Amino acid sequence: MKRPFQSLPIAAFLALSSAPLASAADLYSGPSGPGELYQTSTLRGSIGLRYWYSQSRSDLDNSGFDISSTDNVTSNTAELVGTLEDTTANTFVRGYVGLGRSNGGDVHFSGYEMDNTDETSLGYVVIDGGWGFAQFANNQVRLKGFVGYQYLSDDVSAQYGNLTVEQSRDWHAIRLGMTAEGDLGQRVGWSVDVAGVPWSYNKIETWESDWTYGLEADAMLNVDLTQNWQLGVGGRYWWLHSNFDRRYVVTGEKVVLDQNYHRYGLLLESRYTF
């Protein structure tokens with residue numbers, strides 16, 4: 001009758017000593033089972049440098065007034081570009097900032113052709129945020145929507161005899177668009193961005209626009225040289241249309257002026273992914 005009671009302390013000791021061992025094993029168990037110490041990060045992104053060779057043309061006029069116009073103005077711009085994506089939430093944020101110089105081309109003010117065009121600065125910032133909403137062909141083609149903000153500064157300066165004529169131009173724009181991107185094999189990727197500009201604030205010197213709208217598009221083809229390094233080539237186009245309601249000083253008559261701004265060119269980029 002004593003043997004069962006003598007075995008109880010030994011059984012209790014074995015039960016207590018096995019509990020910490022089970023807890024220790026749980027520390028090394030991840031979502032995929034034992035042996036996974038850390039979860040794989042759901043964040044990925046890239047940072048890179050981009051060069052934009054572009055030309056622009058613009059006009060500010062109506063049927064009776066020719067305020068100013070430019071054509072074949074060449075610009076060279078360096079950009080810093082970055083993206084960050086959460087693959088679990090399927091959301092992303094991206095942006096780029098560019099700074100460069102513009103020169104050459106033909107400039108007219110008040111109907112007069114300028115003798116020389118001065119070198120001026122070109123600067124812009126674009127920030128977009130959005131989400132992926134569709135994929136096709138086993139995730140080889142992906143669609144994303146986005147909303148963003150753009151700031152653009154592109155001034156004009158020219159000489160007419162001994163007279164210097166300058167015009168400052170600034171835009172603050174809202175972007176709404178869609179991105180299509182995909183893979184061509186294991187080392188080549190492509191992307192196309194199309195954004196509508198439903199509203200923008202445009203200021204030319206002291207004139208403020210009553211309404212601005214437009215269309216913008218980017219297309220890129222990237223090649224993976226290594227696991228984390230890409231080279232890309234592509235193109236970009238911007239079009240912004242603004243309306244200015246003014247009064248003719250002599251008669252007080254209302255005058256509506258239109259501005260059309262076009263910029264387009266070649267993109268080259270080098271990007272590090274992580």
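Owing to the predicted nature of the structure, the values given are computational and were not obtained by experimental measurement.
- In this structure, a donor-acceptor pair under 3.5 Å is present between the side chains of T70 and S58.
- A donor-acceptor contact shorter than 3.5 Å is absent between the side chain of N202 and the backbone of S209.
- Note on residues 256-268: pairs passing salt bridge (Lys or Arg N to Asp or Glu O under 4.0 Å), not counting sequence neighbours, are D154-R263.
- Between F244 and W207, the ring planes lie tilted relative to each other; the angle falls in the 30° to 60° range.
- A donor-acceptor pair is defined here as one N or O able to donate and one able to accept, closer than 3.5 Å; such a pair exists between the side chain of D210 and the backbone of D245.
- For the 3.5 Å distance criterion, the side chains of N260 and W239 qualify, holding a donor opposite an acceptor.
- Counting only N and O atoms by type, the side chains of Q55 and D71 include no donor and acceptor under 3.5 Å apart.
- Side-chain atoms of T91 and D86 form no donor-acceptor pair, as typed in the model, at a separation below 3.5 Å.
- Put simply, the side chain of T88 never gets that close to the backbone of T42: no donor and acceptor are under 3.5 Å apart.
- The aromatic rings of Y213 and H241 sit tilted relative to each other, their planes meeting at an angle between 30° and 60°.
- The closest side-chain donor-acceptor pair between D115 and Q159, if any, does not fall under 3.5 angstrom.
- Separating the CG atom in L257 from the CG atom in N62 is a distance of 5.0 Å, to the nearest 0.5 Å.
- Checking T273 against S46 by side-chain atom types alone, no donor-acceptor pair falls below 3.5 Å.
- Considering every non-hydrogen atom in both L225 and R187, the closest pair reads O-NH2, 3.1 Å.
- When only modelled atom types and interatomic distance are considered, S153 and D170 share a side-chain donor-acceptor pair under 3.5 Å.
- Side-chain contact annotation: E208 with Y201, donor-acceptor N/O pair under 3.5 Å present.
- When atom types are taken as modelled, the side chain of D224 and the backbone of T226 share no donor-acceptor pair closer than 3.5 angstrom.
- Sequence neighbours left out, not one pair with a member in residues 194-203 passes salt bridge (Lys or Arg N to Asp or Glu O under 4.0 Å).
- Below 30°, between 30° and 60°, or above 60°: for Y124 and W238 the angle between ring planes is above 60°, a perpendicular geometry.
- A cation-pi contact, defined as under 6.0 Å to the ring centre and within 45° of the axis, is absent between K144 and F133.
- Between the side chains of S200 and R175, no donor N or O sits under 3.5 Å from an acceptor N or O.
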